Amino acid sequence: RSQRTSAATLYHQAVSAADKANKKSLLEKITRDYGDTAYGALALMHLAQVDSKHAETHLQTLINHPAAMPEWIWQARLDLAEIYLQRGDAQAARSILQAPVGKRYEQLRHYLLALSAGDASEKTAHLQQALDAVSTDADLKRKIEMMLAETRAAAGASGSQ
């Protein structure tokens with residue numbers, strides 16, 4: 001009980017910290033001192049945001065963390081796929097996106113799969129699946145609709161030539 005209280009207090013201090021360096025230091029202390037707790041898993045999620053240099057490591061550790069909730073793991077996989085896509089490693093992104101996620105995460109998963117697609121038909125299929133999935137982000141839905149329209153228009157233009 002004492003350990004949970006200490007971890008909770010430190011976690012609250014970390015997420016409330018305005019200074020990025022202080023926030024990072026507090027989050028690292030949580031992972032070091034309370035790493036096997038749910039607060040350790042939460043700290044990893046925040047560390048990935050404030051320590052972009054080591055974000056991949058933090059997310060991989062979170063994915064394998066024994067106290068991580070499924071939703072945290074799903075989000076970590078999606079965030080990791082985005083990192084891979086930013087690096088231009090579509091194969092690594094596709095690999096981490098193969099496992100299904102919860103319904104509220106499927107739209108982003110299929111959108112990222114579309115971004116990593118090897119060809120136009122695969123991209124179109126994933127964009128349509130993203131559009132058909134539960135939408136929790138209106139901006140993402142508009143982006144998917146625009147990308148799907150552009151992909152279909154490009155396919156139609158190339159098919160008519």
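Everything quoted here is computed from the prediction, not taken from an experiment.
Note that CG of Leu108 is 5.5 Å distant from CD of Glu82, once rounded to the nearest 0.5 Å. A distance of 15.0 Å separates CG in Leu148 from NZ in Lys143, rounded to the nearest 0.5 Å. To the nearest 0.5 Å, atom CG of residue Leu27 and atom NE2 of residue His58 are 9.0 Å apart. Here the CG-NE2 distance, from Leu26 to His46, works out to 12.0 Å after rounding to the nearest 0.5 Å. Expressed to the nearest 0.5 Å, how far CG of Leu112 lies from NE2 of His110 amounts to 10.5 Å. For the atom pair Leu113 CG and Lys123 NZ, the distance stands at 13.0 Å (nearest 0.5 Å).
Contact of the His54 side chain with the Leu47 side chain is not registered, since no non-hydrogen atoms from C-beta on lie closer than 4.5 Å. Side-chain contact between Leu131 and Leu127: absent, with no pair of heavy atoms (C-beta onward) separated by less than 4.5 Å. Looking at heavy atoms from C-beta onward, Lys141 lies out of side-chain contact with Thr136 at the 4.5 angstrom threshold. At a threshold of 4.5 Å between non-hydrogen side-chain atoms, the residues Lys20 and Lys23 do not count as touching.
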### Task
Apply side chain to side chain contact (heavy atoms under 4.5 Å, CB included) to the pair Asp119 and Glu122, showing each step before the final yes or no.
CA-CA 6 Å; Asp119 59 49; Glu122 182 184 357; 3.3 Å; yes
### Task
Start with the C-alpha distance between Glu56 and Arg87, add both sets of side-chain angles, then the distance that settles salt bridge (charged side-chain N to carboxylate O under 4.0 Å, His left out), and finish with yes or no.
CA-CA 12 Å; Glu56 181 179 354; Arg87 282 191 204 148; 2.5 Å; yes
### Message
Using the rule given for side chain to side chain contact (heavy atoms under 4.5 Å, CB included), can you reason through Ile96 versus Ile63, listing the C-alpha separation, both sets of side-chain angles and the distance that settles it, and then say yes or no?
### Response
CA-CA 11 Å; Ile96 196 122; Ile63 289 167; 4.1 Å; yes
### Task
List the steps, then state whether salt bridge (charged side-chain N to carboxylate O under 4.0 Å, His left out) holds for Arg32 with Glu28.
CA-CA 6 Å; Arg32 190 174 49 252; Glu28 288 171 340; 5.4 Å; no
### Message
Could you walk me through whether Arg109 and Leu78 satisfy the side chain to side chain contact (heavy atoms under 4.5 Å, CB included) test, starting with their C-alpha distance in whole Å, then the side-chain angles of each, then the deciding distance to 0.1 Å, before giving a yes or no?
### Response
CA-CA 7 Å; Arg109 177 177 163 264; Leu78 295 170; 3.8 Å; yes
### Query
So Arg104 and Trp74, side chain to side chain contact (heavy atoms under 4.5 Å, CB included) or not? Walk me through it.
CA-CA 10 Å; Arg104 297 198 174 272; Trp74 299 334; over 6 Å; no
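By the rule that hydrophobic residues join a cluster once side-chain heavy atoms approach within less than 4.5 Å of another member, Tyr84 and Tyr105 end up as members of one cluster. Residues Leu10 and Val15 are members of one and the same hydrophobic cluster, defined by side-chain heavy-atom contacts under 4.5 angstrom among Ile, Leu, Val, Met, Phe, Trp and Tyr. Hydrophobic clustering, with ILVMFWY side chains joined whenever heavy atoms are under 4.5 angstrom apart, keeps Met45 apart from Ile73. Tracing side-chain contacts under 4.5 Å through hydrophobic residues (I, L, V, M, F, W, Y), one reaches Leu140 starting from Leu80; they form part of the same cluster. No chain of hydrophobic side-chain contacts below 4.5 Å, direct or via other Ile, Leu, Val, Met, Phe, Trp or Tyr residues, connects Leu59 to Leu42.
Judged purely by atom type and a 3.5 angstrom limit, Glu106 uses its side chain to pair as donor or acceptor with the backbone of Val101. A donor-acceptor distance shorter than 3.5 angstrom exists from the side chain of Thr151 to the backbone of Met147, with no hydrogens or angles considered. Side chain of Gln75 to backbone of Glu71: no donor-acceptor contact under 3.5 angstrom is found. Looking at Asn22, its side chain never comes within 3.5 Å of a backbone N or O of Ala18 through a donor-acceptor pair. One N or O on the side chain of Ser16 and one on the backbone of His12 form a donor-acceptor pair closer than 3.5 Å. Of the possible polar contacts, one joining the Arg77 side chain to the Ala99 backbone as a donor-acceptor pair under 3.5 Å is found. No donor-acceptor distance shorter than 3.5 angstrom exists from the side chain of Ser52 to the backbone of Ala55, with no hydrogens or angles considered. Using modelled atom types, one side-chain atom of Gln107 and one backbone atom of Ala130 make a donor-acceptor pair closer than 3.5 Å.
Residues Gly40 and Thr31 approach most closely at O-CG2, 3.9 Å, considering heavy atoms. Across all non-hydrogen atoms, the minimal contact from Ala90 to Leu85 is CA-CD2, 4.2 Å. Of all heavy-atom pairs between Ala81 and Ala93, the closest is O-CB, 3.8 Å. Pairing each heavy atom of Ala41 with each of Leu62, the nearest pair is O-CD1, 3.4 Å. Heavy atoms only, all atoms of each residue included: Lys103 and Val134 are closest at O-CB, 3.9 Å.
Checked against a 6.0 Å centroid threshold, the rings of Tyr34 and Tyr39 do not count as neighbours.
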